[in-house]
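All ligand and atom numbering here is 1-based and tracks the order in the structure.
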Amino acid sequence: MRKSDYQNIWVYIEHDGKSAAPVGLELCCELRKLCGKTGDRLYAVILGRLPGEEIEKVRECGVDGIIQVSGTGYEAFNIDAWTNAFTVLSRKYKPSAIFVGGTIDGRDFAPRFAVRLDTGCTSDAMELDYDPETGDIQFIEPAVGGKIMAVITVPVMRPQIGTIRPGTFQYAPTGRKAEIEYIEEKIDFDPAAIRCRRVGFIPDESDPELDIANADCIVCVGNGLKDSEHLERYRRLAGLLGGKIGCTRPLCDRGILPSKLQIGQSGVMVKPKLYLSFGVSGAVNHTAGVDADLFIAVDKNPDAQIFSYCDYGIVGDMDEVCDELIARLSARKE
Ligand SMILES: Cc1cc2nc3c(=O)[nH]c(=O)nc-3n(C[C@H](O)[C@H](O)[C@H](O)COP(=O)(O)OP(=O)(O)OC[C@H]3O[C@@H](n4cnc5c(N)ncnc54)[C@H](O)[C@@H]3O)c2cc1C
C-alpha cells in the first residue's frame with residue numbers, strides 16, 4: 001500500500017432525511033482548515049436523500065465536492081448498508097482520511113468499515129494536526145487520566161478514519177466555492193441483508209434541563225460537593241443566572257446527577273458565555289469539553305489545576321462562595 005495513492009479528506013454528513021446533524025457541518029469547517037495544510041480536497045459524503053437547502057448548508061462550509069449515494073438500503077440508518085457503502089466508496093476513490101461524527105450511529109459504523117478496509121480508526125480527538133514529514137494526520141486527545149496529550153496517527157494504512165464528538169469543533173462556515181464537484185454513486189444494498197430491523201422510534205425524554213450543550217451559562221458542580229443535599233444551592237444560583245447545572249464525571253459516578261450533565265472529553269462539549277465551576281480540580285478530561293467566554297472557578301485548594309485554566313479564580317469553600325453569590329444576586333434583583 002502506497003500512502004501517496006490516497007488523496008482527499010471526506011466528511012460523512014449524518015442526517016435524518018430532513019436536516020443535517022450539526023456535527024457533520026462542524027467537521028467540514030474544521031477540516032477545511034486542515035486541507036489547507038495537507039493540500040487535500042474536501043468532500044462531503046451523503047447517504048440517502050437530504051433536502052436541497054440542507055445541501056446548501058454543506059456547501060457553505062467550503063467543500064470542494066459532494067458524493068451523493070443513492071440506492072436501496074438507505075431509508076433509515078442501519079449498520080450493514082452504511083458499512084458497505086463506505087467500504088465500496090473507499091476502495092473506489094481511495095480517500096486519505098474519512099471523518100465521521102462521534103454520534104451513536106457514527107461510533108457504530110465507522111470502526112466497522114475501518115476493519116473491512118484493514119485500517120485504523122481513532123475516536124474522540126480534540127485537536128487535529130498534520131505532519132508533513134510523514135503525511136499523517138495527528139489525532140490529539142487527553143490520555144492517561146488527562147496527564148498527557150496523546151498524538152495518535154495511522155502510520156501505515158489508509159484511509160485514516162476518525163470519529164469526532166459533536167461540539168468538539170466550531171461551526172464557522174467559510175463560504176461556498178463557486179464550482180464544486182458532484183459525484184453521484186448508486187450502491188444498492190439488499191434490504192433483506194440488513195440484519196437489524198427498525199421496530200419503532202421512541203424519542204429521548206426531552207427534559208430541557210438536561211440539554212446543556214447550547215446553554216449560555218453553566219454552573220458546574222464537581223467532586224468537592226459533599227452530598228446531594230448540598231446541590232440545591234447550586235440549582236438556585238443557576239436559576240438566578242438564567243443558566244443550567246452541569247457536572248464532572250465523579251458526580252455521575254456517585255449517582256448525584258445524570259450522565260447527560262457530564263461535561264468533558266467523554267461527556268458533553270459546552271460553549272457557554274459564562275462558566276462557573278465549584279469544587280472542580282481541573283483535569284484536562286473535563287476542561288477539554290469547555291470553551292467558555294468567561295470561566296470562573298471556585299476551589300478550596302489554591303494549587304488546583306483549574307486555576308491555571310480559568311479567567312478568574314476564587315480560593316474558598318464552594319458552599320460559602322455559592323451562598324454569597326446567591327445573596328448578592330438576590331439583593332440586586334430586589
Ligand atoms: C478516558 C477518560 C475520560 C474522562 N472523561 C471525563 C469527562 O468527560 N468529564 C469529567 O469531568 N471527567 C472525566 N474524566 C475524569 C477526570 O480525569 C477527573 O477524574 C474528573 O474530571 C475529576 O472531577 P472533579 O474535578 O470534580 O473531582 P476531583 O478531582 O476529585 O476534584 C475535586 C475538587 O474539589 C475541591 N474541593 C473539595 N472540597 C471543596 C470545598 N468544600 N470547597 C471548594 N473546593 C473543594 C478539591 O480541592 C478538588 O480540587 C475522564 C477520565 C478518563 C480516564
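- Using a 4.0 Å heavy-atom criterion, the residues that approach ligand 1 are Gly145, Gly222, Asn223, Gly224, Thr248, Arg249, Pro250, Gln262, Ile263, Gly264, Gln265, Ser266, Gly267, Gly279, Val280, Ser281, Ala283, Asn285, His286, Asp299, Lys300, Asn301, Gly316, Asp317, Met318.
- Ring pair Tyr12/Phe109 is perpendicular by interplanar angle, where above 60° counts as perpendicular and below 30° as parallel.
- Between Phe77 and Trp82, the ring-plane angle classifies as perpendicular under the 30° and 60° cut-offs.
- Applying the salt bridge (Lys or Arg N to Asp or Glu O under 4.0 Å) test to pairs two or more places apart or on separate chains, those with a residue in residues 311-321 are Lys226-Asp319, Arg233-Asp319.
- Here Ala44 pairs with Ile13, Val58, Val63, Ile66 under the side-chain contact (heavy atoms from CB on, under 4.5 Å) rule; sequence neighbours left out.
- In this structure Tyr309 satisfies the side-chain contact (heavy atoms from CB on, under 4.5 Å) test together with Thr287, Phe295, sequence neighbours excluded.
- The residues Asp293 and Lys271 are annotated as not salt-bridged, no charged nitrogen and carboxylate oxygen being separated by less than 4.0 angstrom.
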